[in-house]
Protein chains: 2
Amino acid sequence: MRSAVRELRQANGLSQEALARALGVSRQTINAIETGRYDPSLRLAVHLARHFGRTVEEMFDVDTE
Amino acid sequence: MRSAVRELRQANGLSQEALARALGVSRQTINAIETGRYDPSLRLAVHLARHFGRTVEEMFDVDTE
DNA sequence: GCTTTACGGAAAGCCTGCTTGACACGAGGG
DNA sequence: CCCTCGTGTCAAGCAGGCTTTCCGTAAAGC
């Protein structure tokens, strides 16, 4: 699933680790989502969207791959 | 996680099975989401929200239980 | 009574989300 | 040179999403 996590994270000057800590997940989880290895859970997706002031639908493209 | 699936499904006069077929999942999956036994995946959550013309954030309350 | 429809839920199994811990690499700074 | 930082990825393990199959129950219609 394509997502805007990487772009938004970088635009905010955050490392994967910093974002992970802010959301209470592991760095590997953020990395896996950014590299498309797996999709976040609904709960994490909502937290990610909130963190960047976006909606879930804006942030995650459910229709890709 | 609390959700508005049951209310919206009933408001649209759909059975759990009819909704399940419309979304390509099993009836038990819809039942489990409505009864709170587990949370939907991000993909299914987006499909459910779309089906009822809502946003994910309107449809699912990530902050409960 | 019998049948159908709708719902709740259990069991087993598969795949995926997430964890910790570890290793490797490149870029940059001293 | 070395050290640190940021990233990519692997392995093992646990929890949870989803499937199929199955059983129980209650309401509604004939």
Side-chain angles (χ1 to χ4, degrees):
Chain A
M1 180 185 305
R2 283 209 17 260
S3 88
V5 174
R6 171 157 294 171
E7 299 88 293
L8 289 169
R9 174 179 64 78
Q10 290 176 338
N12 281 60
L14 294 170
S15 66
Q16 293 181 344
E17 174 140 35
L19 178 56
R21 264 188 281 101
L23 294 170
V25 296
S26 70
R27 177 183 71 86
Q28 285 83 342
T29 294
I30 299 298
N31 185 289
I33 292 165
E34 287 190 357
T35 56
R37 286 214 305 289
Y38 55 69
D39 303 332
S41 64
L42 174 54
R43 186 165 256 114
L44 179 52
V46 171
H47 288 329
L48 275 162
R50 271 185 199 162
H51 190 85
F52 293 113
R54 305 298 160 95
T55 66
V56 168
E57 284 86 347
E58 284 167 354
M59 191 121 184
F60 299 95
D61 183 2
V62 162
D63 301 313
T64 50
E65 116 216 33
Chain B
M1 179 184 306
R2 284 210 17 260
S3 90
V5 174
R6 172 156 295 171
E7 300 88 292
L8 289 170
R9 174 179 63 79
Q10 289 176 339
N12 281 61
L14 293 170
S15 67
Q16 293 181 342
E17 173 139 35
L19 178 56
R21 263 188 280 101
L23 294 170
V25 296
S26 70
R27 177 182 70 85
Q28 284 82 345
T29 292
I30 299 297
N31 186 294
I33 292 165
E34 287 190 358
T35 56
R37 287 213 304 289
Y38 56 73
D39 303 331
S41 64
L42 174 55
R43 187 165 253 114
L44 179 52
V46 171
H47 288 329
L48 275 162
R50 269 185 201 163
H51 190 84
F52 293 113
R54 305 296 159 98
T55 66
V56 167
E57 284 86 349
E58 284 167 354
M59 191 121 186
F60 299 96
D61 183 3
V62 161
D63 301 313
T64 51
E65 120 216 32

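In what follows, every chain begins at residue 1, and chains take the letters A, B, ... in the order their sequences are listed.
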Minimum heavy-atom separation for A:Arg43 to B:Val62, with atom names? NH2-O, 3.1 Å

Within this structure, what is the CE-to-P distance between B:Met1 and C:dG17, rounded to whole angstrom? 14 Å

Output all residues satisfying side chain to side chain contact (heavy atoms under 4.5 Å, CB included) with A:Glu7, sequence neighbours left out; order by chain, then residue number. A:Ala4

When rounded to the nearest 0.5 angstrom, what distance separates CD in A:Gln28 from CD in A:Glu17? 9.0 Å

If the condition is side chain to side chain contact (heavy atoms under 4.5 Å, CB included), which residues does B:Glu58 pass it with, not counting sequence neighbours? B:Arg54, B:Thr55

With 3.5 Å as the limit, what N/O pairs link the protein to nucleotides 23-27 of chain C?
none

Spacing of CZ belonging to A:Arg21 relative to OG belonging to A:Ser26, to within rounding of 0.5 Å: 12.5 Å

Hey, mind stepping through A:Leu23 and A:Ile30 against side-chain contact (heavy atoms from CB on, under 4.5 Å) and telling me if it holds? CA-CA 10 Å; A:Leu23 294 170; A:Ile30 299 298; 4.3 Å; yes

Return yes if a side-chain donor-acceptor contact under 3.5 Å exists between B:Thr35 and B:Arg37, otherwise no. yes

From A:His51 atom NE2 to A:Leu19 atom CG, the distance as rounded to the nearest 0.5 Å: 5.5 Å

Would you jot down, in residue-number order, the residues of residues 12-25 of chain B having a non-hydrogen atom under 4.0 Å from DNA chain D? B:Gly24, B:Val25

When the distance from CD of A:Gln28 to C1' of C:dT16 is rounded to whole Å, what number comes out? 17 Å

Indicate yes or no for a side-chain donor-acceptor contact from B:Arg27 to the backbone of B:Gln16 under 3.5 Å, with no hydrogens or angles considered. no

Roughly how far, to the nearest 0.5 Å, is CD of B:Glu34 from CD of B:Gln10? 7.0 Å

Side chain to side chain contact (heavy atoms under 4.5 Å, CB included) with A:Leu42: which of A:Asp39, A:Leu44, A:Val46? A:Val46

In residues 29-57 of chain B, which residues come under 4.0 Å of DNA chain D by heavy atom? B:Thr29, B:Tyr38, B:Asp39, B:Pro40, B:Ser41, B:Leu44

Range on DNA chain D touched by chain B - first to last nucleotide, heavy-atom distance under 4.0 Å: D:dG17 to D:dC22

Shortest non-hydrogen pair, A:Leu48 vs A:Phe60, comes out as CD1-CZ, 3.9 Å

Atom OG1 in A:Thr64, atom CE in A:Met1: separation rounded to 0.5 Å? 7.0 Å

Less than 4.0 angstrom between a side-chain N/O of B:Arg6 and OP1 or OP2 of C:dG8, yes or no? yes

